[in-house]
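Below: the structure, in C-alpha cells.
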Amino acid sequence: MAKRDLRLTRNIGIVAHIDAGKTTTSERILYYTGKIHKIGEVHDGGATMDWMVQEQERGITITSAATTAFWNYNGESYQLNLIDTPGHVDFTVEVERALRVLDGTVTTFDAVGRVQPQSETVWRQADKFGVPKIAYVNKMDRIGADFLACVEEIKTKLGATAIPISLPIGLEDKFQGIVDLISRKALIYDSNNPNLVNYTVEEVPENMKADVELWRERLVEAAAECDESLMEKFFEDPESVTDEEIIAAIRKGTLAMKIVPATCGSSYKDKGVQFLLDSVARYLPSPIDIGAVKATDPKSGEETKVNPVVEEPFCGLVFKIATDPYVGRIAYVRAYSGKLDGGTYVINTRSGKKERVSRLYQMHSNQQKPIDFVEAGDICAVVGFKELRTGDTICNEARLVNLESMEFPDPVIGIAVEPKTQSDLEKLGVALNKLAEEDPTFTVKSDHETGQTLISGMGELHLDIIVDRLRREFGVEINQGAPQVNYKETITGTIQHREVFKKQSGGRGKFADIIVEIGPADEGVMGLQFDNQVKGGNVPKEYIPSVQKGFASAMANGVLAGYEVPSLKVTLLDGSFHPVDSDQLSFEIAARMAFRHACPKASPVLLEPIMNLEVVTPEEYMGDIVGDLNRRRGQINAMDSTANGARIIRAFVPLAEQFGYVTVLRTLSSGRATNTMSFDHYSEVPSNLAKEVIEKSGYKASDDDE
C-alpha cells in the first residue's frame, strides 16, 4: 500500500448558526465527492448526517457526525475528514469538542440572516482553538440575500478580515452561479443537472466586469499583505502576479488567521459547492501545516511536542464517546502522531491503565467501515475501550504524554425524573449513565433526601432530547418534574475559624484540630484554592491532603440551599493533633465541619445562571417585548436594526424567568419574532428572591459526617 501524503488530508468541520444550511452543505459535499449517490434533504428527514430519529423529525442537528470523502483538485486526491456539527446553542458542546480536533472550518452563514448569535459563538470557539476558517455564505437564492453585506458583517461583528474570493452572478431567484475572482471565470450552475459536474465555465458577464476587477484587486492586495515577496512584485507590476502566487499567499494568510476567504452559493440549489471544495483544498491546512501540538509529560509536568509523523509512537485524543446498539461503546479519536493497529494496546494517561483496541472503524455518519490501522492526522472510531472519557489522551507505552484536554460548561437547568414502573428503575440508571458518558454537559445525580434522580443539561431542548432518547433507544418510560434552575452558592466575606473534632467511643477515639481562613477564591480560579501555612509540624504533613479533601468534598453542598460552591479559598493556618487518636479521616471530617460552621458567617449568597438573549422582531412589537423583558428582570444591553428593517434586542435575563418564553414571545409578536438564548455567566440572586429559593429547597445541613 502506497504511503499516504499527509499534505492532502483536510480535517474540517461545518459550523454555523442554526438553520444556516450546514447539513444541507454537508450532504452536497458527500454527493459531489461521490460518497453518496442520492442527495438526502433535511426537511424530509433524509439527510445522511442527521441519522438520529430526533434529528430527522425536528430537522435539526443534535449530535456531530463524522465521515471521510475524497475530492480531486489539481490532479491530486484530497482526503476530507468531515464533521457536521449542530447549530442549536443547547448542543454547543458538540461544536466545542469537534473544533478541538479539527484543523479548519467552513463557517456557514445565511445570506439573509448574515451574522447571527450562534455564528458569533462558533466563531469565538474556533478562535479559541486557533482554527483557520473559510466563510461560506449560503442561501443566495433567498429573497433579501446579500453576499457583500454578509462579508461586511463578518468584518464588523466578528472582527475578521473577510475577503471575497468569488462574487455572485444574479441574486435571489436569479442567482445563477459565481465568478471566481482569481481566474476571472464565471461558473454557471444548472440545478436540474444530476451530474457531478453540473456547471459550465464561461466568460464574466459584461455588466460584472468592473466589479470583478475592483474586488480582484482588493483580493490581491489582501493576499500581498500576507506575503512580502508577492507585495514587492505587486507594487512593481500588478499584472505579473500569477494565479498560483495569489492562491499561495491567500493560503498563507488563512493559515496565519490573518484573512478569511469568503465565497457564496446555494447548497439546496446545488450551486457553488464544488468551488467551496476547491477552496477547502486550496486554503485550509493539512495536519502538516498545523505542525506539532503541545503536550505535557504526565510524570514531570514539562511541556513537550507531538509531531504529525507516522515514525513517532502513537498519540491520540478521545474527543467523543457514543453508544451504538450493535457494536457498543465507540470512542472517536483524532490521531496526532504514529500508527495504531487493531488488536494492540494503548495506555490511557489519565488513569494509567492499559486498554485494548478491539476494532478500528472509519465512520460515515452512524455507519462503520472496518479498517486495519489509523495514522497521524486521521480521525477514526475505536471499539473496545472500557474506561475512556471525553478528553482522554491515549498513547503507545513507548512514550506517554498528555494532550491538552477539553473543558465543558456546567449544566444550567435540571429536572427530576423517575421511571413509570419500578421494574424500569435499573434500566433507567444504566441508560442515564450511558447518556452521561456520551455528553459531558449532561449530568445525573441523586437527591439523598427525596430519593429523586435529577438530570441536568444546557437547556429545555437538550433535556427534551434526553427524555426522548430514554424512551426510544432504551425503552424507559419516565415521569418528569417541572424544569428547575441549577443555582450555585458562594461566600462574599472572609472569616477565620477553629474547628475541633473530638469523638470517644471506647478504644481508640477521633481527634483533629484545625484553624483555617475561609474566603472567596482569587479571580479566575475555579474549584478549591488551598494554601497550607502550617509551621512547625502542628498538623503533620500526612494529614494536610485530608484537610484539602474534606473542604473539596464539602463544596458539593453549600450552606444556604445545598447547591454546589464552584470556588473557595481555604488557608490552613494552624492546628494540633493527638498522637493516638488523630488519623486522616478525623482531619477530613474536621474540614467538612469547618466548612459548614464557618460559611454561614462569611456572607453566603445564592448565584443564578444569566442567559444571553437575542430577540429579532418587527419594529411594531418592540415596546411590548422590551416591557416583558423588564418584568423578567432583564437587562437590555443593545438594540440594533437589520438591513430589512427588523430590530434586534440583546439582553441578559435570569434563566429562572425564561421558562416558556418562546410561547410568550410568539403571543406578543403574533408569531413573527424569533429568539436565541445561551448561557453567559452566574450572578447574585437578589436577597428577596434568594429567600424564596432557599425556603423552597427545604435544605437542612446534616452534622452526621460519619
Side-chain angles (χ1 to χ4, degrees), residues 410 445 447-449 487-505 508-607 682 684-685 690 693-694 697-706:
D410 290 333
K445 68 176 183 179
D447 187 320
H448 297 300
E449 290 181 15
Y487 292 97
K488 290 184 187 290
E489 297 182 26
T490 193
I491 57 171
T492 55
T494 301
I495 188 166
Q496 237 184 65
H497 177 81
R498 179 170 200 160
E499 189 70 45
V500 180
F501 171 61
K502 199 186 288 186
K503 195 162 187 179
Q504 208 66 42
S505 55
R508 187 178 169 185
K510 297 274 182 200
F511 180 84
D513 170 22
I514 55 172
I515 299 171
V516 291
E517 185 177 270
I518 300 175
D522 295 346
E523 197 174 331
V525 177
M526 296 305 291
L528 175 63
Q529 186 182 353
F530 186 78
D531 183 15
N532 173 28
Q533 298 283 350
V534 176
K535 302 283 191 292
N538 289 351
V539 178
K541 279 182 181 175
E542 62 265 30
Y543 298 150
I544 305 293
S546 300
V547 177
Q548 188 170 351
K549 184 182 173 188
F551 276 106
S553 63
M555 288 168 67
N557 298 102
V559 294
L560 291 174
Y563 293 108
E564 180 198 355
V565 177
S567 63
L568 188 73
K569 183 175 184 177
V570 174
T571 307
L572 180 59
L573 301 170
D574 205 353
S576 65
F577 72 104
H578 189 280
V580 176
D581 291 351
S582 289
D583 60 10
Q584 290 174 333
L585 181 60
S586 300
F587 277 90
E588 189 180 328
I589 292 170
R592 291 207 294 262
M593 290 170 66
F595 174 87
R596 272 209 314 278
H597 296 150
C599 285
K601 302 169 195 165
S603 308
V605 294
L606 210 56
L607 303 173
Y682 270 88
E684 189 177 329
V685 180
V693 173
I694 293 163
S697 78
Y699 177 72
K700 297 269 190 302
S702 162
D703 246 353
D704 184 16
D705 260 302
E706 294 180 275

Taking ring-ring contact (aromatic ring centres under 6.0 Å, His included) as the definition, give me every residue that meets it alongside Phe595, ordered by chain and number, with sequence neighbours left out.
none
For Phe551, what residues pass the ring-ring contact (aromatic ring centres under 6.0 Å, His included) criterion, not counting sequence neighbours?
none
Residue pair Pro520 / Gly493: nearest heavy atoms and the distance that separates them
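In terms of heavy atoms, the two residues are closest at CD-O, 3.5 Å.
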Check whether any side-chain N or O of [X] sits under 3.5 Å from a backbone N or O of [Y] as a donor-acceptor pair, and report yes or no.
X: Glu489; Y: Tyr563; value: yes
X: Tyr543; Y: Ser582; value: yes
X: Asn557; Y: Gly562; value: yes

My understanding is that only residues two or more places apart in sequence, or in another chain, count here; which of them pass side-chain contact (heavy atoms from CB on, under 4.5 Å) with [X]?
X: Pro604; result: Ile491, Val559, Leu560
X: Lys549; result: Glu588
X: Ala552; result: Leu528
X: Thr490; result: Val605, Leu607

Taking side chain to side chain donor-acceptor pair (under 3.5 Å) as the definition, give me every residue that meets it alongside Gln533, ordered by chain and number, with sequence neighbours left out.
Asp531
Does Ser586 have any side chain to side chain donor-acceptor pair (under 3.5 Å) partners at least two apart in sequence or in another chain, and if so, which?
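So Ser586 forms a side chain to side chain donor-acceptor pair (under 3.5 Å) with Asp583.
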Sequence neighbours excluded, every pair satisfying side-chain hydrogen bond (donor to acceptor under 3.5 Å, both in side chains) that has a member inside residues 513-530:
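Sorted result for residues 513-530: Arg498-Asp513, Asp513-Ser576, Asp522-Gln529.
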How would you list, by chain and number, every residue that makes a salt bridge (charged side-chain N to carboxylate O under 4.0 Å, His left out) with Glu542, sequence neighbours excluded?
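Listed in chain order: nothing, the list is empty.
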Distance-only donor-acceptor hits, side chain of residues 564-575, under 3.5 Å, sequence neighbours excluded:
{"from": "Glu564", "atom 1": "OE1", "to": "Lys488", "atom 2": "NZ", "distance (Å)": "3.1"}
{"from": "Asp574", "atom 1": "OD1", "to": "Asn538", "atom 2": "ND2", "distance (Å)": "2.8"}

